[in-house]
Structures are given as structure tokens and as C-alpha cells.
Amino acid sequence: MDIRVRALVEAIHSSHTQAVIFLAGGASQALGWLMSVPGASNTILEVLIPYSKTSMIQLLGKIPLQYSSQETVEEMAILAYNRALKLSRPGLTVVGVGFTGTLASARTKFGDHRFYLSTRTCERLWTSRITLIKAIADACKVSPTFTSDLHESEVPTESEKHFDEEQELQQIIDGKLWMKVYDFSSDKNATSERRIILSGSFNPLHDGHLRLMDIASSLCEGVPCFEISAINADKPPLEVAEIKRRVEQFKETGKTVIISNQPYFYKKAELFPGSAFVIGADTAIRLINPKYYGDYQKMLEILLGCKSSGCLFLVGGRMVDGVFKVLDDLDIPEELKDMFISIPEEKFRIDISSTEIRKNRDL
């Protein structure tokens, strides 16, 4: 490996950026460079090589008009970015990388090469024909120490789209992005792979939410995260301005909040595998009610899928129809019992809700 390339790869691995890379056609040497330099585990979350047409179709969920094109590679980068968000630890910067190309072998550099490369970060979608290592370095905000040796006829054209916060949130509402993480936490050294997730509307965020998260964090190791779904199961999607208003509450309290587009817990379990979800007994009752799934067997199948992904549910007591209910009051199927953990009433009980707070404010 050229010493300049090695120095650039070392800088990438020191950038605190994690990447998912989808490669189709070529670039294997660059991947070898990335993986062979110590520190690769700091950067590489996953590499997928959809080399056959069938594999590419399954990745994209459709048959592309062209397998090697700017449109295809940008879709690959966005999919890789979403995957990186799913696999990374909360608070870390992530990048999705897509590469596709057809490389002629008759003559070095002067054959009918056609390749496209795209990187997606939270604020930018960038596409070009530049070399893979340089593109990843650029996305990691690392400056290369050498210039390209491409032939004059191969100098690439570039396209670049920048996104502000409002556009990124709209992409979540539109289903293009899976989530956005607002890392307001002061603890930047958390190493746990597990998230402890308290989902809700948080309209408003109140002391009961914060205390519940503190208790849950004392019962289960993980990175505490609040989560708001921009998409509601039975209501219109949240407006971007409303999402930003609710997010601001967490900034003031120094808590991490995730904006996702998944209103259902079984979908949240797919998005956040291995997480511990903090829920109330009222939510747990709905979670194990077959009517929301069609029948009992379908419910069991879906929730066993959550269990197989390593998810847990920490259940706090809540008032249900005028009666305070805890986990022991619920009829949890035997196959699922070890997925549910009780938050004891003596540790947490606050009979307050955001709905009541809004009503009182209106008064």
C-alpha cells in the first residue's frame, strides 16, 4: 500500500465516523486497504457486495433502469446511510457509501470504464467518479495528502446536494430516511451497544418521563434515548416545525432524542435491534392484544420476532380505566415472558400524563 494511502486510511479510522459500504463492481482493492489498516473496526460497520443483478434488485427493492448509474448509486448510498444509522452507537457520525461500476480490462485507465460513487451524510448527498478511499475521506472530513493520478479524460464530474435540518426531517416524514439522532447528552464516552428507548409524543416532556428513564437506566445497561415517531398510526404526520419544537425540550434537559418514522413497536424493534423499550402497562396491554395483529398466532409470530432481535420491554405501572396496573397484572404469553421486565411500583409511580398537563394549561 502506498504510504500516502495508508496515512489517509489511518486518518479515516481516527475520524470517529462509522460507515456502511455497498459495493457493486470494482473497488475491492480500496476495501482491502480499509480493512487491512488497524482501526478498521472504528469505521466499518458493514460491507455488502450486491454483485449479481438479483442481489442488487433485492437491495433496491426494484429493478433499476441502469445498474451502473448516478440514480442507482445515490439510492445505494441512502440505503447504506439508513443502515449505518441503525447499526451505529447513538451520537456517532455515520456515512453511507455506494459504489457501482463496470470496468474494462483491455487497457489500463483508457478502456470503457464507467463507475459511480456516492456518499450520504446527515447534511449532504455527494456523487462523483472519484476514487473510493478519497470519497470516504471527504465524507469523514479528512483531507487527502496527495492528488489524483486519473488521466485527463477521466477527470470526474461531481454533483452535490446539501440538506438543512428541516429538509432532513421532511425526508424522514416522506420515508426516505429512517431516523435522525439529536445527541444532546453530555456523556460522549458511552460504549454500550444497547439503547434504552422511551418512546412517546412528549407533548410536553415532563418530569415523569425523565424520572422513568432514570429508573429504567438503573435496571438495564444501555444508552438512554427518547424517541418520537414523526408518523402516527391513526393521526396525520407531525409537521416539521412541531417536531423541532418538541426536540428543543430535550436540548434544554441534555437528553438524546431520536426522530423516527415507525409508529409500531414491532417496527421499532426492527429499526433498533437489541434495544430495551420503556413502556407503560397501558401500552403493554395493547402490545399483547391479538386484535391489533389480526389473530393470536400472528401476534405471537411478530413479538417472537422482536424477541429474536434481542429486544426487551421494561414495563412501568400506569392507570388503566381508573385502576393502577403493573406487569404482574397482565396475561403475558409464556413464550414472551422473559422479554418483559417489571419496573417496581415502589421505584416509580407518577400518575401524570402529557394529556392532563395540556388540559391544565388550557384552563
Side-chain angles (χ1 to χ4, degrees), residues 196-220 224-238 242 245-246 249-250 253 255 257 260 262-269 275-300 302-303 306-307 311-363:
I196 302 174
I197 298 177
L198 176 54
S199 301
S201 61
F202 305 111
N203 186 29
L205 174 68
H206 57 72
D207 186 59
H209 295 134
L210 301 175
R211 289 180 58 187
L212 178 57
M213 177 61 87
D214 288 342
I215 295 299
S217 298
S218 72
L219 298 174
C220 182
C225 302
F226 294 84
E227 186 255 347
I228 300 172
S229 176
I231 306 299
N232 291 295
D234 51 6
K235 299 177 183 177
L238 294 176
E242 178 61 19
R245 184 188 70 80
R246 297 187 194 185
Q249 303 172 106
F250 295 91
T253 57
K255 303 296 183 181
V257 60
S260 82
Q262 295 298 344
Y264 301 108
F265 272 101
Y266 74 93
K267 287 294 187 180
K268 295 181 194 292
S275 295
F277 293 97
V278 186
I279 62 176
D282 53 340
T283 300
I285 289 172
R286 294 192 296 273
L287 194 63
I288 58 171
N289 191 332
K291 80 173 187 179
Y292 295 110
Y293 302 86
D295 58 57
Y296 181 86
Q297 287 303 320
K298 186 64 175 178
M299 176 203 75
L300 203 57
I302 289 174
L303 292 182
C306 297
K307 181 179 177 179
C311 290
L312 299 172
F313 291 95
L314 306 178
V315 183
R318 286 295 299 269
M319 294 296 293
V320 181
D321 298 328
V323 179
F324 189 78
K325 298 278 190 179
V326 296
L327 180 61
D328 288 343
D329 297 319
L330 310 184
D331 186 18
I332 305 293
E334 190 65 33
E335 301 95 324
L336 303 173
K337 283 188 175 180
D338 57 351
M339 189 170 62
F340 292 83
I341 299 173
S342 178
I343 298 176
E345 181 180 354
E346 61 269 20
K347 284 184 174 290
F348 177 82
R349 176 173 178 172
I350 296 181
D351 299 336
I352 187 173
S353 70
S354 295
T355 301
E356 292 172 346
I357 292 175
R358 291 197 303 273
K359 286 181 179 177
N360 292 334
R361 286 179 177 178
D362 290 341
L363 291 176

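Since the structure is predicted, the reported quantities are computational estimates derived from the model, not experimental observations.
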Got a second to check how far [X]'s [atom1] is from [Y]'s [atom2], nearest 0.5 Å?
X: Lys291; Y: Arg286; atom1: NZ; atom2: CZ; answer: 10.0 Å
X: Leu314; Y: Leu327; atom1: CG; atom2: CG; answer: 10.0 Å
X: Phe313; Y: Lys307; atom1: CZ; atom2: NZ; answer: 12.0 Å
X: Leu219; Y: Asp214; atom1: CG; atom2: CG; answer: 11.0 Å
X: Leu300; Y: Leu336; atom1: CG; atom2: CG; answer: 5.5 Å
X: Ile285; Y: Ile332; atom1: CD1; atom2: CD1; answer: 9.0 Å

Worksheet item: Step by step, would you call Ser229 with Lys268 a side-chain contact (heavy atoms from CB on, under 4.5 Å)?
Response: CA-CA 9 Å; Ser229 176; Lys268 295 181 194 292; 4.0 Å; yes
Item to complete: Could you give me the CA-CA distance, side-chain angles and deciding distance for His209 and Phe202, then say whether ring pair (Phe, Tyr, Trp, His ring centres under 6.0 Å) is met?
Response: CA-CA 8 Å; His209 295 134; Phe202 305 111; 4.8 Å; yes
Please tell me if the side chains of [X] and [Y] come closer than 4.5 Å, counting only heavy atoms from C-beta onward.
X: Phe340; Y: Leu287; answer: yes
X: Ile231; Y: Pro237; answer: yes
X: Pro204; Y: Gln249; answer: yes

Has [X] got a side-chain atom pairing as donor or acceptor with [Y]'s backbone, closer than 3.5 angstrom?
X: Arg246; Y: Ser201; answer: yes
X: Glu227; Y: Ile197; answer: no
X: Lys325; Y: Asp282; answer: no

Item to complete: Could you go through the side-chain contact (heavy atoms from CB on, under 4.5 Å) check for Leu238 and Ile228 one step at a time?
Response: CA-CA 10 Å; Leu238 294 176; Ile228 300 172; 3.9 Å; yes
Evaluate whether atom [atom1] of [X] has more than 12 neighbouring non-hydrogen atoms of other residues, nucleotides or ligands under 6.0 angstrom away.
X: Glu334; atom1: CD; answer: no
X: Arg211; atom1: CZ; answer: no
X: Phe324; atom1: CZ; answer: yes

Which heavy atom of [X] sits nearest to which heavy atom of [Y], and what is that distance?
X: Pro263; Y: Ala233; result: CB-N, 3.8 Å
X: Ser217; Y: Ile196; result: CA-CD1, 3.8 Å
X: Tyr296; Y: Pro333; result: OH-CB, 3.5 Å
X: Cys225; Y: Met213; result: O-CE, 3.3 Å
X: Asn203; Y: Arg245; result: OD1-NH2, 2.6 Å
X: Leu198; Y: Leu212; result: CD1-CD2, 4.0 Å

Discussion item. Pair Val278, Ile343 - check side-chain contact (heavy atoms from CB on, under 4.5 Å), show working.
Written reply: CA-CA 9 Å; Val278 186; Ile343 298 176; 4.2 Å; yes
Worksheet entry | The single option from Tyr292, Tyr293, Phe277 passing ring-ring contact (aromatic ring centres under 6.0 Å, His included) against Phe265 | Phe277
